[in-house]
Amino acid sequence: MPGVNLCLRALAQRDPGGEADLADVLWLTTGRAVEERVLAGIDEKLARISWERVVLALEPRGGGAPSRPALLWRTAPAVLRARRALSSRGSQVMLGLGGFTCLPAVLAARSLGLPVALLEMNAANGSATRWLAPFAKQVFHAWRGTMPTREESDSEHGASHTFVGPPLSPEFDGREISVAEEAGARSELGFDPDRPLLLVLGGSQGATALNRFVRTHAPALVGSGVQILHQTGPGKLEEGCEKFTGYRAVEYVAPVHRALCAATLVLSRGGASTLAEIAASGRPAVVVPYPHHPDRHQERNAHELGEGVRVVSEERLSVSLRVEIERLCSSGSRGERERMSRALRAAVPVDASARLLSSLLELARKKTTRRAGGSA
């Protein structure tokens, strides 16, 4: 979901009428409420681009993951709906970002002869990438850890694999954030510009374990001089603390770039898009990966950032972590934070969106050229 928003925002920043310009975007979506929040204001940003969202109803009425039989049962009508939408928009290329909508979207695109590309956002190949790569012309990888080895590539047929990095919005340009800019951003957010700020990001849905840690230790952290901006997640403000001087809880941080500029240290989950934004901003971070994913992809995402982050298990959400956060935020750790920042900015390319879109446009052009030449 965040990857879609990042790609759309990158489209909005392209020069209209340029050599590599897109005129139309169709987004095949689940219709989740979180999508409305993440895409707030995107219509204005895409004013020059024709775009449409079409919901493919694959999830149970109450939400959550469908069972495999339920997914198969709902796939056929979803394929037909996706096929009609792709055909009516005159789409020329399809990008799959994983999730339940990917299967019917890819099948619909292939039935129309459209080239398919996949983007693997995490540092562990998800089900969509593993199952649908044989249907794709190209698989793009946000992290080097999912790139196949030469032997694996030689044994595969079909899709080619390309490392592009994680898509980033244009403001995440990899530049160094100065001390003066940090202080100014803290002041804009209503915090003391001269005191360190801990930014807590639990992902788009929040993280109860992080919320519990912050609720327990926020008074002591603020007492030690560390201010806190705490993203609790939608509907979870009660999991944070009551507002007091030096602490503020919000359901959702926006714009996240300015909050990252203000942060001395970030405490976060290990979602791929969040970590990419942390890295491009050069913000030292303590990452607590969600521990219950079978492939542990959040942990793998975090390890892709090397020396720029400290990876901590949920079992270590205790007084010892509070003391470590206080140490990392202290003036005596400035040199350590600077080293972490350099490692982070070196960990992700900042031109991934542009390279991804250029590759998609090239696939579309090749399809158009084949049609013009009368090829099947």
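Nothing here was measured: the structure is a model prediction, and the numbers come from that model. For this chain, numbers begin at 1 and follow the sequence in order.
- Leu344 and Val256 fall within the same hydrophobic cluster, defined by Ile, Leu, Val, Met, Phe, Trp and Tyr side-chain heavy atoms under 4.5 Å apart, directly or through other members.
- Nearest heavy atom pair, residue Ala109 against residue Val116, reads CB-CG2, 3.8 Å.
- Tracing side-chain contacts under 4.5 Å through hydrophobic residues (I, L, V, M, F, W, Y), one reaches Val288 starting from Leu265; they form part of the same cluster.
- Among all heavy-atom pairs drawn from Arg355 and Val164, the shortest one is NH2-O, 2.8 Å.
- A donor-acceptor distance shorter than 3.5 angstrom exists from the side chain of Asn301 to the backbone of Gly270, with no hydrogens or angles considered.
- Ser187 places no side-chain N or O within 3.5 Å of a backbone atom of Ala183 that could act as its donor or acceptor partner.
- For Arg186 (side chain) and Arg195 (main-chain N/O), a donor-acceptor pair under 3.5 Å exists by modelled atom type.
- Checking side-chain atoms of Tyr290 against main-chain N and O of Gln298 turns up no donor-acceptor pair under 3.5 Å.
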Walk me through whether Glu336 and Arg327 qualify under salt bridge (Lys or Arg N to Asp or Glu O under 4.0 Å). CA-CA 10 Å; Glu336 183 177 355; Arg327 185 190 71 79; 2.8 Å; yes

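- The closest donor-acceptor contact from the side chain of Ser353 to the backbone of Pro167 lies at 3.5 Å or more, if one exists at all.
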Stepwise side chain to side chain contact (heavy atoms under 4.5 Å, CB included) test for Arg342 and Glu307: CA-CA 9 Å; Arg342 288 193 293 271; Glu307 298 298 318; over 6 Å; no

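- For the atom pair CG of Leu189 and CG of Leu199, the computed distance is 9.0 Å after rounding to the nearest 0.5 Å.
- Side chain of Gln231 to backbone of Val253: a donor-acceptor contact under 3.5 angstrom is found.
- Taking the charged nitrogens against the carboxylate oxygens, Arg248 and Glu242 have no contact shorter than 4.0 Å, which rules out a salt bridge.
- Of all the heavy atoms in Arg337 and Thr264, the pair that sits closest is NE-CG2, 3.6 Å.
- At distances below 3.5 Å, not a single donor-acceptor pair connects side-chain atoms of Ser87 with backbone N or O atoms of Arg84.
- Donor-acceptor pairing under 3.5 Å is lacking for the side chains of His297 and Asn125.
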Run the numbers on Arg258 and Glu181 for salt bridge (Lys or Arg N to Asp or Glu O under 4.0 Å), then give the verdict. CA-CA 10 Å; Arg258 203 60 185 154; Glu181 185 173 359; 3.2 Å; yes

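- Rounded to the nearest 0.5 angstrom, Arg322 CZ and Leu198 CG are separated by 13.0 Å.
- Partner Leu363 forms a side-chain contact (heavy atoms from CB on, under 4.5 Å) with one of Gln92, Lys137, Met94 and no other, that one being Lys137.
- Within the 4.5 Å cutoff, the side chain of His257 has heavy atoms near those of the Phe172 side chain.
- Among all heavy-atom pairs drawn from Arg110 and Phe135, the shortest one is NH1-O, 2.8 Å.
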Verdict with supporting geometry, Val323 and Ile325, side chain to side chain contact (heavy atoms under 4.5 Å, CB included): CA-CA 5 Å; Val323 172; Ile325 288 172; over 6 Å; no

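- A salt bridge links Arg89 to Glu52: at least one charged side-chain nitrogen sits closer than 4.0 Å to a carboxylate oxygen.
- Separation of atoms CG (Leu97) and CZ (Phe140) is listed at 11.0 Å; rounding is to 0.5 Å.
- Among all heavy-atom pairs drawn from Asn122 and Ala272, the shortest one is OD1-CB, 3.5 Å.
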Checking side chain to side chain contact (heavy atoms under 4.5 Å, CB included) for the pair Leu275/Val287: CA distance, chi angles, key distance, verdict? CA-CA 9 Å; Leu275 292 188; Val287 181; 3.8 Å; yes

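- The closest side-chain donor-acceptor pair between His293 and Asp295, if any, does not fall under 3.5 angstrom.
- Residue Leu229 is not grouped with residue Val222 when hydrophobic side chains (ILVMFWY) are merged at heavy-atom distances under 4.5 angstrom, including chains of intermediate members.
- Between the side chains of Arg53 and Thr29, not a single donor N or O lies within less than 3.5 Å of an accepting N or O.
- Connection of Val311 to Leu210 is not established within any shared hydrophobic cluster, with ILVMFWY side chains joined at heavy-atom distances below 4.5 Å, either directly or through further cluster members.
- Side-chain atoms of Arg345 never come within 3.5 Å of backbone atoms of Ser281 as a donor-acceptor pair (strictly under, hydrogens ignored).
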Run the salt bridge (Lys or Arg N to Asp or Glu O under 4.0 Å) test on Arg269 and Glu314 for me, step by step, so that the C-alpha distance in whole Å, both residues' side-chain angles and the decisive distance to 0.1 Å come before the verdict. CA-CA 10 Å; Arg269 281 300 198 195; Glu314 276 197 5; 2.6 Å; yes

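- Side-chain N/O atoms of Thr162 and Gln138 include a donor and acceptor closer than 3.5 Å.
- Residue Val250 is grouped with residue Val266 when hydrophobic side chains (ILVMFWY) are merged at heavy-atom distances under 4.5 angstrom, including chains of intermediate members.
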Any chance you could lay out the salt bridge (Lys or Arg N to Asp or Glu O under 4.0 Å) test for Glu338 and Arg334, step after step, and finish with the verdict? CA-CA 6 Å; Glu338 290 174 350; Arg334 178 171 294 173; 5.2 Å; no

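- In this structure the side chain of Phe163 reaches within 4.5 angstrom of the side chain of Pro349, judged on heavy atoms.
- When all heavy atoms of Val309 and Ala302 are compared, the closest pair comes out as CG2-O, 3.5 Å.
- Taking CG from Leu237 and OG1 from Thr232, the interatomic distance works out to 4.0 Å, rounded to the nearest 0.5 Å.
- Thr75 places no side-chain N or O within 3.5 Å of a backbone atom of Pro104 that could act as its donor or acceptor partner.
- The closest side-chain heavy-atom distance from Leu197 to Ile228 is not below 4.5 Å.
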Quick one, Thr129 with Glu120, criterion side chain to side chain donor-acceptor pair (under 3.5 Å). Give me CA distance, side-chain angles, the key distance, then yes/no. CA-CA 7 Å; Thr129 301; Glu120 179 52 68; 2.6 Å; yes

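- Arg130 and Ser127 form a side-chain donor-acceptor contact under 3.5 Å, judged by distance and modelled atom types alone.
- The main-chain N or O of Cys329 is never found under 3.5 Å from a side-chain atom of Ser333 such that the two would form a donor-acceptor pair.
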Walk me through it: do Val79 and Arg81 pass the test side chain to side chain contact (heavy atoms under 4.5 Å, CB included)? CA-CA 5 Å; Val79 170; Arg81 183 170 175 79; over 6 Å; no

